[in-house]
Amino acid sequence: GSFTCQCVVGFTGDGVSCMDIDECADGTHNCSVQGARCDNTIGSFNCTCLPGYSGDGVTCENIDECSTGTHNCNQTFASCMDIDGSFRCMCLRPFTRNGSICENVNECATGAHNCSTVANCTDVDYFFTCACLRGYSGDGVNCTNIDECLTNPCAANNGECTDSPGSFSCACRAGYTGGGFMCADIDECAGATSPCLQANEACFNTPGSFRCDCATNFYRSSQDSCMNVNTLFSSDVVPPNSPTGETLSWTITRLNASLTNYRVFVIDMGTNPMGTSVASAFAVPPE
């Protein structure tokens, strides 16, 4: 002759008044502890696997996006690393992350390269290259100066090569003019003023220089002066039958000057009316 009221499963109360039980809030649900979401409903709840997991909600397993190819990492500049419920894109060296994008790092601009101080750094995708500057040899990391002078690039014989770091220069030797790659002899004797300063001297051009010598018909004396040898010693007494060009140990007295051991060049021999041997000759100072 009576009755009882009882709340159904998923509700709580005295049967007369029943309230929904939030299983998600009080932890009485059976959703997967990892990778699931519990959604309360009137009198019950729903289990749903979170993104990155697969299953019925009660059981959820991680999805390996890196293996399944469902990630969005750049295939060239990044690698995919799987994590629980998701994945992570790792920029490959030397790229760096800028938000979700992997950007190339310009080591040449940042100074993070290892190129030599005498090399050019060129940035390329993934890395950089080093190349030695002109005048140097090596792999770009280590560069050595090239001594161009060893190949004789300057004017042959008359040019001088000077090596310098990464380069060289050419200059003409003294007595030559030009840019160093081509050199011409300077005719020092061609100027308006002779470089030879002594009386009766003449300038004679030589390759790369010049020399001063006595002019034609003059010979240099032991006093380093130029003496006229065309003064004929006519009617001066010389030994009979003196051979031309003979060096004689005797003295010619002429114009109050004594010329001892001069080399006498006999022009002609003869006798005067008195029967004395005479000659027309000139004398050359001894060496």
Side-chain angles (χ1 to χ4, degrees), residues 92-96 103-230 245 263 265 284-287:
L92 300 174
R93 293 185 62 189
F95 295 89
T96 184
E103 293 182 338
N104 176 49
V105 176
N106 189 336
E107 295 87 354
C108 299
T110 62
H113 61 83
N114 63 340
C115 298
S116 169
T117 56
V118 289
N120 282 324
C121 178
T122 302
D123 183 67
V124 294
D125 285 342
Y126 311 115
F127 207 56
F128 59 91
T129 60
C130 302
C132 295
L133 298 176
R134 183 177 181 179
Y136 295 87
S137 63
D139 57 8
V141 177
N142 297 292
C143 297
T144 304
N145 175 57
I146 297 173
D147 188 350
E148 295 87 351
C149 295
L150 295 177
T151 60
N152 301 317
C154 304
N157 301 322
N158 303 323
E160 292 182 336
C161 181
T162 301
D163 185 60
S164 59
S167 186
F168 69 98
S169 61
C170 291
C172 293
R173 299 181 188 275
Y176 293 87
T177 182
F181 293 97
M182 295 184 66
C183 297
D185 175 53
I186 298 173
D187 188 350
E188 295 86 353
C189 302
T193 303
S194 173
C196 300
L197 304 179
Q198 292 196 34
N200 302 318
E201 275 191 333
C203 179
F204 297 91
N205 188 55
T206 61
S209 187
F210 66 96
R211 63 181 175 85
C212 295
D213 208 343
C214 293
T216 303
N217 297 325
F218 288 84
Y219 282 83
R220 193 171 297 280
S221 72
S222 59
Q223 288 77 33
D224 200 32
S225 61
C226 290
M227 175 181 168
N228 189 340
V229 297
N230 276 337
R263 190 173 181 82
F265 288 84
V284 179
E287 295 294 335

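Any value given below was found using the heavy atoms of this structure, including those in side chains, with hydrogens, waters and symmetry copies removed.
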Between [atom1] on residue [X] and [atom2] on residue [Y], distance to nearest 0.5 Å:
X	Y	atom1	atom2	result
Arg211	Glu188	CZ	CD	13.0 Å
Phe128	Asn114	CZ	CG	4.5 Å
Asp185	Thr206	CG	OG1	7.0 Å
Asn106	Thr122	CG	OG1	10.0 Å
Asn120	Cys143	CG	SG	9.5 Å
Asn145	Cys132	CG	SG	11.0 Å

- Message: Measuring only between side-chain heavy atoms, which start at C-beta, is Tyr136 closer than 4.5 Å to Pro165?
- Response: yes
- Item | Side chains of Ser169 and Ser164 in contact at under 4.5 Å (non-hydrogen atoms) | no
Which atoms form the tightest heavy-atom contact between [X] and [Y], and what is the distance?
X	Y	answer
Phe210	Cys189	CB-SG, 4.1 Å
Gly140	Ala119	O-CB, 3.3 Å
Gly135	Glu148	CA-OE2, 3.7 Å

- Message: Can you confirm whether the thiol sulfurs of Cys121 and Cys108 sit closer than 2.5 Å?
- Response: yes
- Query: Under 2.5 Å between the sulfurs of Cys115 and Cys130, yes or no?
  - Reply: yes
Quiz: residues 170-177 side-chain donor-acceptor pairs under 3.5 angstrom, not counting sequence neighbours:
from   : atom 1 : to     : atom 2 : distance (Å)
Arg173 : NE     : Asn157 : O      : 2.8
Arg173 : NH1    : Glu160 : OE2    : 3.1
Tyr176 : OH     : Asn158 : OD1    : 3.3
Tyr176 : OH     : Gly208 : N      : 3.3

- Residues Cys196, Cys212; criterion disulfide bond (SG atoms under 2.5 Å apart); working and verdict: CA-CA 6 Å; Cys196 300; Cys212 295; 1.9 Å; yes
